[in-house]
Protein chains: 4
Amino acid sequence: MFAKFLNLNPEKQDRILNAALKEFAQKGYQNASTNEIVKEAEISKGLLFHYFKNKKDLYLFLHNHFLDIFMEEIHKKINWSEKDIFERYRDIARLKFEVYQKYPEMFNFIKNVFTEDAAEVKVDMDRRKQEILSKGYKDLFGDIDTSKFKEGIDVERAINIIFWTMEGFSNRYHNKLDALQLELINIDELIAEMEFYSEVLRQGFYK
Amino acid sequence: MFAKFLNLNPEKQDRILNAALKEFAQKGYQNASTNEIVKEAEISKGLLFHYFKNKKDLYLFLHNHFLDIFMEEIHKKINWSEKDIFERYRDIARLKFEVYQKYPEMFNFIKNVFTEDAAEVKVDMDRRKQEILSKGYKDLFGDIDTSKFKEGIDVERAINIIFWTMEGFSNRYHNKLDALQLELINIDELIAEMEFYSEVLRQGFYK
Amino acid sequence: MFAKFLNLNPEKQDRILNAALKEFAQKGYQNASTNEIVKEAEISKGLLFHYFKNKKDLYLFLHNHFLDIFMEEIHKKINWSEKDIFERYRDIARLKFEVYQKYPEMFNFIKNVFTEDAAEVKVDMDRRKQEILSKGYKDLFGDIDTSKFKEGIDVERAINIIFWTMEGFSNRYHNKLDALQLELINIDELIAEMEFYSEVLRQGFYK
Amino acid sequence: MFAKFLNLNPEKQDRILNAALKEFAQKGYQNASTNEIVKEAEISKGLLFHYFKNKKDLYLFLHNHFLDIFMEEIHKKINWSEKDIFERYRDIARLKFEVYQKYPEMFNFIKNVFTEDAAEVKVDMDRRKQEILSKGYKDLFGDIDTSKFKEGIDVERAINIIFWTMEGFSNRYHNKLDALQLELINIDELIAEMEFYSEVLRQGFYK
DNA sequence: CATGAATGAGATTTCATTCAT
DNA sequence: TATGAATGAAATCTCATTCAT
């Protein structure tokens with residue numbers, strides 16, 4: 001399917017990928033302009049459609065591509081021997097924000113799968129959302145140590161609560177930065193604040 | 001600003017409002033077509049731009065308008081004498097899903113403030129998001145009874161956790177319905193499941 | 001459907017119609033360029049699509065329009081009291097070639113219904129072809145005097161033979177003109193030559 | 001001119017020829033895509049244009065090629081000792097429809113010379129049409145027995161009438177099949193119906 | 001001989017907005 | 001107030017043809 005593209009010299013591949021990434025990340029699927037992409041990538045209009053049969057295919061390819069890169073990064077850098085859910089979360093959060101610092105556009109682009117509502121790609125993205133949530137979840141938290149939870153507590157639901165708390169906290173942090181138009185995250189400060197929430201939850205749920 | 005529009009005969013106001021609501025809710029800001037709106041509202045193109053100087057203004061006006069209606073609804077129907085946070089949440093959740101059942105388009109439209117990424121309206125929507133979250137929060141949960149929480153717990157953060165849990169749970173429910181292409185919500189079932197989460201949280205946070 | 005267009009001031013209607021007619025007649029459906037049409041008609045690109053929702057609709061409208069004009073012309077100018085099939089044919093042929101002289105593009109355009117094979121309009125044109133052939137035939141030759149034919153002859157088939165002969169003759173004449181790149185027809189010469197064929201057929205089929 | 005191509009190994013020649021035939025027959029000159037042709041023939045874009053300097057040349061070459069094949073077939077299979085024009089026509093008609101059954105694409109392609117109106121090839125095709133009609137005619141009917149015609153009849157014109165009748169009949173049959181979306185021809189039924197027309201003509205023109 | 005990446009003009013269609021009436 | 005004709009830039013995508021390798 002995309003063999004043609006992958007045979008291309010890597011420098012040009014990169015130019016195309018990054019141009020598309022930037023455009024989609026900033027404007028969303030619908031608003032992104034293939035014209036802008038080719039201009040930024042410095043290729044001809046025809047060439048883009050030589051490699052990707054239409055805008056949708058390009059978008060879907062990009063999504064796979066960068067998600068793969070992101071997941072690889074995660075799997076390499078997480079300390080998998082640490083089984084405590086709060087420690088694990090801290091590692092993941094730190095990594096996530098590091099990636100965001102380094103590749104904000106890539107991060108935004110991937111994140112957009114959760115908000116993209118252009119009819120054309122909605123179905124594919126919805127499927128993807130489900131996969132990421134369920135598979136991603138099992139991958140990342142399937143092996144945590146549940147023996148630390150209080151007797152009598154509904155562990156599965158407690159884990160969901162932890163999950164939602166961490167997500168909620170991250171999002172609020174993100175929003176705050178957006179609102180302040182800041183791009184620089186103080187990751188240590190973030191992790192410290194996160195730790196307070198972990199503490200509250202530990203108090204409530206752990207023995 | 002919109003005085004001209006508000007002087008218009010109410011029946012025509014309604015036609016315009018509902019046509020625009022439907023279009024924006026279904027297609028998002030960018031994708032919504034003013035052509036479709038005037039066709040549905042049975043007015044001329046010129047008239048729409050006579051009342052609203054551009055598409056963006058129309059969108060912003062609509063948002064204020066329907067959010068006001070929604071908040072009014074909430075304030076009228078909530079039992080404000082109940083000060084327990086979980087009870088309060090249950091009331092709000094029930095109301096939210098009732099509104100969704102009854103006016104899914106209005107609901108979707110308002111909700112879109114959180115996902116809209118069309119460059120033109122993004123800044124305004126981001127500001128709005130902050131307002132809703134902080135002001136809405138204080139409005140709805142400013143008076144709850146904090147004496148029920150365990151001694152030594154960080155109540156403010158605990159409340160945030162409760163908030164994110166309820167939001168996370170609602171969203172997951174919504175997504176599940178979307179994925180199953182269902183439109184009908186069994187509200188009692190939803191509330192019952194929500195109660196389980198409340199129970200876990202009560203166990204952890206309440207005396 | 002096309003009410004919008006028909007309300008337009010006639011001078012501009014004409015400019016659009018003639019520009020489109022010319023383009024379609026010369027290049028066929030597929031090859032005709034809406035860009036050329038708007039340029040020739042001196043209107044903006046958008047306006048064409050304000051009146052006709054797409055290229056296909058424009059084509060179909062044009063076809064109806066000019067065919068109507070053509071049929072009206074025929075019905076007005078034929079001497080309907082003459083019931084002899086050969087006389088009737090002579091009248092029609094003369095008229096046809098007069099129209100061709102006067103409006104060669106209109107003529108070519110209508111004729112193209114029989115050769116148009118662009119997938120998009122083929123189905124509609126095929127239906128039309130059937131209609132024209134069967135209805136047109138009945139209209140034009142439904143009332144001829146069959147008592148002149150020899151006893152024992154299969155009149156229906158004889159009429160078909162006359163029909164095909166006249167068509168074949170006309171086409172050959174047309175082709176010859178095309179090949180010689182002539183535009184001017186000597187109609188009297190044509191009719192005279194046609195008369196020879198009528199004579200052969202009369203000899204064979206009439207009492 | 002096409003020497004290069006004819007030196008190519010026959011299997012590849014065939015792949016190219018058939019791919020082009022199919023594409024042109026199905027879509028007409030203008031609509032046919034050289035992209036599709038190379039894909040179907042499994043050759044590179046460059047190679048096609050190495051052998052044929054452009055699309056038009058390919059089309060013209062194809063036309064010669066398949067017409068030659070078709071004419072050869074005719075000359076081999078007709079019973080040239082039968083000099084009665086109706087018998088000869090029956091043979092030719094039968095053969096034509098047999099070829100159509102067997103190679104509908106080749107048939108359609110050749111036939112298209114009569115309807116092709118893409119500006120680029122129109123002139124060449126018009127010239128070709130004349131050649132086929134006049135030369136083909138002499139080839140096929142130059143030796144028929146004219147002594148069977150009635151005294152006093154204009155034999156040359158009578159033959160034209162027979163010709164147009166048979167063509168007209170064939171075309172009507174074809175159109176009927178197209179309209180019914182049938183692909184299968186009942187050749188015997190067709191010949192039987194044709195015989196009725198022959199009978200009417202014999203009655204009129206033969207002694 | 002053979003490849004296939006590259007071109008870029010040109011295709012149809014949409015759209016928010018304006019303005020004369 | 002109200003109309004709806006008019007605009008034209010911008011959108012996505014196609015296509016025959018070239019050329020360096």
Side-chain angles (χ1 to χ4, degrees), chain A residues 3-5 7-9 12 30-38 42-58 120, chain B residues 4-5 7-9 12 29-39 42-59 120, chain C residues 3-5 7-9 12 30-38 42-58 120, chain D residues 4-5 7-9 12 29-39 42-59 120:
Chain A
K4 249 191 279 185
F5 178 71
N7 282 352
L8 192 56
N9 90 55
K12 197 179 266 189
Q30 200 50 238
N31 233 179
S33 157
T34 53
N35 271 339
E36 290 301 311
I37 292 171
V38 301
E42 293 180 299
I43 56 166
S44 73
K45 223 177 277 195
L47 193 56
L48 187 67
F49 292 95
H50 181 62
Y51 292 124
F52 304 97
K53 84 172 196 285
N54 52 35
K55 192 185 180 181
K56 181 181 164 186
D57 265 28
L58 170 60
E120 274 174 288
Chain B
K4 253 191 286 185
F5 177 71
N7 282 351
L8 192 56
N9 92 55
K12 198 182 264 188
Y29 178 78
Q30 193 57 229
N31 249 166
S33 156
T34 53
N35 264 329
E36 290 303 311
I37 293 171
V38 300
K39 212 184 288 170
E42 293 178 301
I43 58 165
S44 72
K45 284 227 88 175
L47 197 55
L48 186 69
F49 288 93
H50 179 67
Y51 291 125
F52 303 97
K53 86 171 192 285
N54 52 34
K55 192 184 179 182
K56 182 181 162 184
D57 266 28
L58 169 60
Y59 184 83
E120 280 171 283
Chain C
K4 248 192 278 185
F5 178 71
N7 281 353
L8 190 56
N9 90 54
K12 197 180 267 189
Q30 204 44 245
N31 232 178
S33 157
T34 52
N35 272 340
E36 290 301 311
I37 293 171
V38 301
E42 293 179 298
I43 57 166
S44 73
K45 228 177 273 201
L47 192 55
L48 187 67
F49 292 94
H50 181 62
Y51 292 123
F52 304 97
K53 84 172 195 284
N54 52 34
K55 192 185 179 181
K56 183 180 163 184
D57 263 28
L58 169 60
E120 273 174 288
Chain D
K4 254 192 285 187
F5 178 71
N7 282 350
L8 192 57
N9 91 54
K12 197 182 264 188
Y29 178 78
Q30 195 56 229
N31 249 165
S33 156
T34 53
N35 265 330
E36 290 302 310
I37 292 171
V38 301
K39 212 184 290 169
E42 294 179 300
I43 57 165
S44 73
K45 282 226 90 175
L47 197 55
L48 187 68
F49 288 93
H50 178 67
Y51 291 125
F52 302 97
K53 85 171 196 284
N54 52 33
K55 192 186 181 181
K56 181 181 164 186
D57 265 27
L58 169 60
Y59 183 82
E120 279 172 282

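Chain identifiers are assigned alphabetically (A, B, ...) following the order of the sequence lines, protein sequences preceding nucleic acid strands; residue numbering begins at 1 within each chain.
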Any Ser44(A) side-chain nitrogen or oxygen under 4.0 Å from OP1 or OP2 of dG8(E): no

Lys45(A) side-chain N/O to dG8(E) phosphate OP1/OP2 under 4.0 Å: no

Canonical and wobble pairing (Watson-Crick, G-U, under 3.5 Å) of DNA chain F, dot-bracket with |: .||||||||||||||||||||

Atom pair distance, as rounded to whole Å: CD in Gln30(A) and C1' in dA10(F): 13 Å

Test item: Lys45(A) side-chain N/O and Thr34(A) main-chain N/O as donor-acceptor pair under 3.5 Å: no

Exam field: side chain Lys12(B) to backbone Ile43(B), donor-acceptor pair closer than 3.5 Å: no

Value in whole Å for how far the C1' atom of dT17(E) lies from CG of Asp57(B): 13 Å

d(CD, Glu120(D); P, dA16(F)) in whole Å: 10 Å

Length of the line joining Leu48(A):CG and dC15(F):P, which is rounded to integer Å: 16 Å

Residue met sooner reading DNA chain F from 5', once Tyr51(B) and Lys53(A) are mapped to nucleotides: Tyr51(B)

Contact under 4.0 Å: Asn54(D) side-chain N or O vs dA16(F) OP1/OP2: no

Asn35(C) CG - dA10(F) P separation (whole Å): 16 Å

Plane angle bin for Phe5(A) and Phe52(A) - parallel if under 30°, tilted between 30 and 60°, otherwise perpendicular: tilted

Residue-phosphate contact under 4.0 Å: Thr34(B) side-chain N/O, dC15(E) OP1/OP2: no

Residues forming a salt bridge (charged side-chain N to carboxylate O under 4.0 Å, His left out) with Lys56(C), sequence neighbours excluded: Asp124(C)

Nucleotide dT12(F), atom P - distance to CG of Leu47(A) in whole Å: 16 Å

Lys12(A) NZ - dA20(F) C1' separation (whole Å): 12 Å

Separation of dA5(E) C1' from Glu42(A) CD (nearest whole Å): 17 Å

Phosphate OP1/OP2 of dA5(E): any His50(A) side-chain N/O under 4.0 Å: yes

